[in-house]
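Below is one structure, written out as structure tokens, with a few remarks after it.
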Amino acid sequence: MCMHYNVGVSHILCIWGVKVKNKIESNRAKIKSVRYIPSLKSFKKKGQKVVDNIQQAVLLSINLCNLKYFNEIYGTDEGDYLISKMIDYFIINNDNCVFGTKSYVDHLLVLCEGYNYSKEELIDYYEHFSKDFKEEINAKYPRARINLDVGMYIVQKDEDFIVAQDNARYARRSVADSYETSVAFYTEGLREKSLREASVIPNFQKAIEEHEIIVLLQPKYSVEKNKIVGAEALSRFKDPSGNIVSPALYVPILEKANIIYQLDYEVLRQVINMQKRWQDEGKELFPISVNLSRIDLLEDDIIENIDSLVEASQIPKNTIEFEFTETVLVENLSSVINKLNLLKEKGYRIAIDDFGSGYNSLYVLGQIPANVIKFDRGFVLHSLSNEIGLTIMKNLVETFKEISFEVLCEGVETKEEEANIVACGCDVIQGFLYDRPLAVPDFEAKYVAC
Ligand code: C2E
Ligand code: MG
Ligand code: MG
């Protein structure tokens, strides 16, 4: 697909001749003449007029996701340079741009001519357009791994331009968490969803400051030993109306904002304190796992920070397990493996979480110094639903055990699922069949021996 203005011009030229060419050229000059960088205020004021003059007005809301992190690594001068490159690319040198401005430090609003292209074609075009920019920047600044979110909205001729801007912004916020450049159009309901999401960070920050992060524990149960052999720590916090916010909502948002480490350190701190208390009370300890985000591993001193917290408590290091989802293995593999090796050498346990929900090759998994592979509920359910799946599952469990991994199945809800899982050779189970994630006092009363 070519959205280049010149191609459109020459195509029309062949059909309608020079007169049309002149008209297009003069429109183009008109459009180019307004392609300066106005203030946000005048962008809002003049936006409506521009919309009336073009065929299909597509408003882009563009966010550079990791600027704060970029600045920390490369410095603010390079950060300023990055923003100016972004303005050059999306506004000054973008032939489809009619009008654009910087709406915030790392956000642009860009009004583009969409010609008569469909939404699908526009998504495809801007997906590639943004990806090219991201790749150019990441080649120059490989450690920052910048990411762009692009929201799009087609502005109607008689529509309030402020509403159009909000809708482009809601579309941008809807872009799924991904280290790919991502583009989305506004759809119904996004406004409400976006408002809910926007409250996550302030609510989380309040919960952190006021020590209101809740840690729940879900037991891991050995069928053979008929007792629990571990637990997973799962976080929660409440919104101002007292409703529990789900990690499915806040984890991706905190990851994108690069503040997930605050949550993960807090959960680790609480787990260490718990183990320490149980140790002091003479209770039998078992490993408790803490989820670490792949973003945590980008931090240079993550291992030292973790280790100094645990060392200070004097609990055995093998009572702390770290769960990483298999998505951690997608990028920077050698650096990830080095960090995991370091954790393992220091005596911590490592689990690969949600195995089977992503696309990792067994070859990569073989290089990971993990103790445990946790099969994802989706994978388990699918495997148990037919003979071929069962055979694959059985053989995978066998292979993992042969190369010294412990194997656990997550999300087990029924006795029938459990029986099939055990028949596949997997002994350890985590799921609602045994217990939901429990508040610490309830977990202690049920599972922590005197
Ligand atoms: P996960 O680490 O795979 O955790 C297991 C999830 O499966 C938990 O959801 C748990 O409540 C749910 N689950 C357990 N048994 C069953 C079952 O039998 N059936 C079904 N349908 N679900 C079951 P939860 O607590 O909502 O957490 C979702 C995900 O959020 C976690 O998946 C983890 O990736 C992430 N997460 C939770 N807390 C934290 C945290 O403190 N830090 C980080 N980085 N991620 C976290
Ligand atoms: Mg987990
Ligand atoms: Mg999991």
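Just so you know, ligand 1 is whichever comes first in the structure, and atom 1 is the first atom listed for that ligand. Remember, predicted model here, so these are calculated numbers, not experimental data.
- Distances from the Mg ion (ligand 3) under 2.8 Å pick out these protein N/O/S atoms: Asp353 OD1, Asp354 OD1, Glu410 OE1, Glu410 OE2.
- Using a 4.5 Å heavy-atom cutoff, the side chains of Leu292 and Ile306 are in contact.
- Cation-pi contact between Arg173 and Tyr170: absent, since separation from the ring centre below 6.0 Å together with deviation from the ring axis within 45° is not met.
- Note: Tyr250 and Phe204 fail the aromatic proximity criterion, with ring centroids not under 6.0 Å apart.
- The name of the N, O or S atom in Glu232 nearest to the Mg ion (ligand 2) is OE2.
- Under the ring-ring contact (aromatic ring centres under 6.0 Å, His included) criterion, Tyr447 pairs with Phe443, not counting sequence neighbours.
- For the pair Asp149/Cys65, a side-chain contact is recorded, criterion being any heavy-atom separation below 4.5 Å from C-beta on.
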Any protein N/O atoms within less than 3.5 Å of an N/O atom in ligand 1? List the atom names and distances, or say none.
unit_1	atom_1	unit_2	atom_2	d
ligand 1	2 (O)	Glu232	OE2	2.8
ligand 1	2 (O)	Asn291	OD1	3.0
ligand 1	2 (O)	Asp353	OD2	2.8
ligand 1	3 (O)	Asp354	OD1	3.0
ligand 1	3 (O)	Glu410	OE2	3.1
ligand 1	15 (N)	Gln218	NE2	3.0
ligand 1	18 (O)	Phe432	N	2.8
ligand 1	19 (N)	Glu413	OE2	2.6
ligand 1	21 (N)	Glu413	OE2	3.1
ligand 1	25 (O)	Arg236	NH1	2.9
ligand 1	25 (O)	Arg236	NH2	3.0
ligand 1	38 (N)	Ser235	N	3.2
ligand 1	38 (N)	Ser235	OG	3.2
ligand 1	41 (O)	Ser235	OG	2.9
ligand 1	42 (N)	Asp264	OD1	2.6
ligand 1	44 (N)	Asp264	OD1	3.1
ligand 1	44 (N)	Asp264	OD2	3.3

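- Proximity of the aromatic rings of Tyr125 and Tyr117 is defined here by a centroid distance below 6.0 angstrom, and this criterion is not met.
- Proximity of Leu343 to Phe324: side-chain heavy atoms (C-beta onward) are separated by under 4.5 Å at one or more points.
- Side-chain contact between Phe237 and Leu263: absent, with no pair of heavy atoms (C-beta onward) separated by less than 4.5 Å.
- Listed by chain and residue number, Phe400 satisfy the ring-ring contact (aromatic ring centres under 6.0 Å, His included) test with Phe405 (two or more places apart in sequence, or in another chain).
- The only member of Glu232, Glu406, Glu323 that meets salt bridge (Lys or Arg N to Asp or Glu O under 4.0 Å) when paired with Lys220 is Glu323.
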